[in-house]
Amino acid sequence: MLIHLICAARPNFMKIAPLYHALKKESWANPLIIHTGQHYDLNMSDAFFVDLGLPNPDINLGIGSGTHAEQTGKVMIAYEKVLMEQRPDLIIVVGDVNSTVACTLAASKISYKTINTINSSDTTNTTNRERPLVAHLESGLRSFDRSMPEEVNRLATDVLADILWTPSHDADENLIKEGVSPDKIQRVGNIMIDSLEMLREKIEKQDVYGDFGLEAKGYGLVTLHRPSNVDDPEALRRLCKILVQIAKQIPLVFPIHPRTRKNLEQNQLLQIVENNKRLFLPDPLSYIRFMNMMFNCRFVITDSGGIQEETTYLGIPCLTLRPNTERPITISQGTNQLCEVKDLEEKAEAIISGRIPQANKIEYWDGKTADRIVEYLRKFGQD
Ligand code: UD1
């Protein structure tokens with residue numbers, strides 16, 4: 001089974017790594033890594049390949065940045081050529097970035113039958129399929145907020161994908177409500193927890209907070225990159241000022257995403273947060289270094305999707321600066337709270353003074369999601 005594992009941006013790499021390693025052990029599977037190049041910096045991409053033990057991508061489409069339509073369109077055009085050449089049996093897309101929907105669209109519309117007449121190279125896969133099956137890993141998550149580009153990507157991907165692998169029961173319910181046939185849905189669990197468990201020993205061995213002169217549980221960790229928080233200069237200015245206030249109570253480490261750095265620089269806002277001995281602004285950290293910072297922090301302030309899940313799994317308080325979340329289970333079962341900017345200082349203070357939510361264990365967030373997927377595919381291949 002020739003399988004394309006599609007990755008594009010930082011949050012994708014820890015989702016494909018456990019699956020790549022698990023599939024590589026199977027004689028019937030030939031997994032290839034296709035990187036669309038949506039993220040291309042050393043800090044946003046290469047460092048993750050090293051930490052997660054992934055080889056260089058088999059193919060890099062080198063798409064880079066652009067508007068949503070440019071990025072999506074360029075990935076579709078470039079990936080269609082790869083599909084025509086390689087004819088995979090299955091493509092696995094993860095998460096909700098522009099490349100997820102772009103590759104799903106390209107694979108859903110291609111016809112190998114037409115290609116047979118154009119391309120008869122010996123090196124292509126000799127599949128009997130008319131087109132590759134598309135499996136979406138992390139399917140069914142919904143914020144119900146279509147102003148988020150990721151929500152549009154999730155909806156479109158789930159409508160088209162043939163196999164829908166969900167992380168939790170709420171995701172199954174969302175799909176059923178949208179009229180998806182239950183036999184397409186399989187709850188496999190949270191793949192990011194596989195990466196965390198796979199690298200736990202290496203993560204625990206590090207002392208990254210020590211590099212900043214900090215002590216375990218003696219700092220807060222901040223990540224912000226959503227357009228809704230960082231693209232409006234006034235909103236970003238306000239947020240920076242609040243972070244400075246919170247840093248008076250507890251040091252903060254804020255690894256700055258390239259989008260956020262660009263906006264801080266362009267709007268002369270960097271000076272509000274820099275040169276503050278209690279506010280650290282490193283470049284984005286590699287997976288192992290970042291997770292070491294998360295394992296040992298008092299709390300997290302974020303607008304990321306994945307971090308809401310990782311903090312719930314680890315029992316670390318998380319303040320999510322968004323009006324909604326596609327991961328409500330992290331609120332009902334975990335340590336996550338949605339937070340408006342105006343309430344951030346107060347909610348951070350409550351956590352610093354010891355008011356900490358407790359997390360429950362969530363079914364299938366156990367480090368064995370990749371094994372469940374491999375088992376599913378093995379049986380699927382035999383049918
Ligand atoms: C993308 C995803 C988002 C994900 C996030 C994680 C979409 C719609 N968004 O958002 O779901 O949570 O990645 O980081 O797919 N840039 C660099 N170097 C890089 C990558 C990006 O400088 O390696 C710059 C780009 O030039 C661009 C900005 O960062 O100006 C944003 O990059 P982009 O991939 O468009 O979106 P993200 O905000 O990273």
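As the structure lists them, so they are numbered: ligands from 1, and atoms in each ligand from 1.
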Considering non-hydrogen atoms of the protein only, which is the closest contact for [atom], and what is the distance?
{"atom": "atom 6 (C) of ligand 1", "answer": "P11 CD, 3.4 Å"}
{"atom": "atom 30 (O) of ligand 1", "answer": "K262 NZ, 2.5 Å"}
{"atom": "atom 25 (C) of ligand 1", "answer": "S65 OG, 3.0 Å"}
{"atom": "atom 31 (C) of ligand 1", "answer": "R259 NH1, 3.6 Å"}
{"atom": "atom 32 (O) of ligand 1", "answer": "H39 NE2, 4.2 Å"}
{"atom": "atom 8 (C) of ligand 1", "answer": "N98 OD1, 3.3 Å"}
{"atom": "atom 18 (N) of ligand 1", "answer": "D41 OD2, 2.9 Å"}
{"atom": "atom 17 (C) of ligand 1", "answer": "Y40 OH, 3.2 Å"}

Under 4.0 Å from a heavy atom of [X]: give me the atoms of ligand 1 that qualify, with their elements.
{"X": "D96", "value": "11 (O)"}
{"X": "Q38", "value": "7 (C), 15 (O), 34 (O)"}
{"X": "Q71", "value": "34 (O), 35 (O)"}
{"X": "M44", "value": "14 (O), 19 (C), 23 (O)"}

Taking V82 as the fixed residue, which of L61, D58, I91 is the one that meets the side chain to side chain contact (heavy atoms under 4.5 Å, CB included) rule?
-> L61
Does this structure show an ion pair linking [X] with [Y], if we count only N-O contacts that are shorter than 4.0 Å?
{"X": "D283", "Y": "R261", "result": "yes"}
{"X": "R372", "Y": "D366", "result": "yes"}
{"X": "D231", "Y": "R259", "result": "yes"}

Centroid-centroid distance, H39 to F13, less than 6.0 Å |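 Centroid separation for H39 and F13: 6.0 Å or greater.
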Check: H35 ring centroid to F49 ring centroid under 6.0 Å =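 Yes, the ring centres sit under 6.0 Å apart.
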Got an N/O contact under 3.5 Å between N153 and ligand 1?
->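 For ligand 1, there is no N or O atom that lies under 3.5 Å from one belonging to N153.
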Just do the side chain to side chain contact (heavy atoms under 4.5 Å, CB included) check on N267 and R237 with the steps written out, would you?
-> CA-CA 9 Å; N267 298 290; R237 177 189 303 278; over 6 Å; no
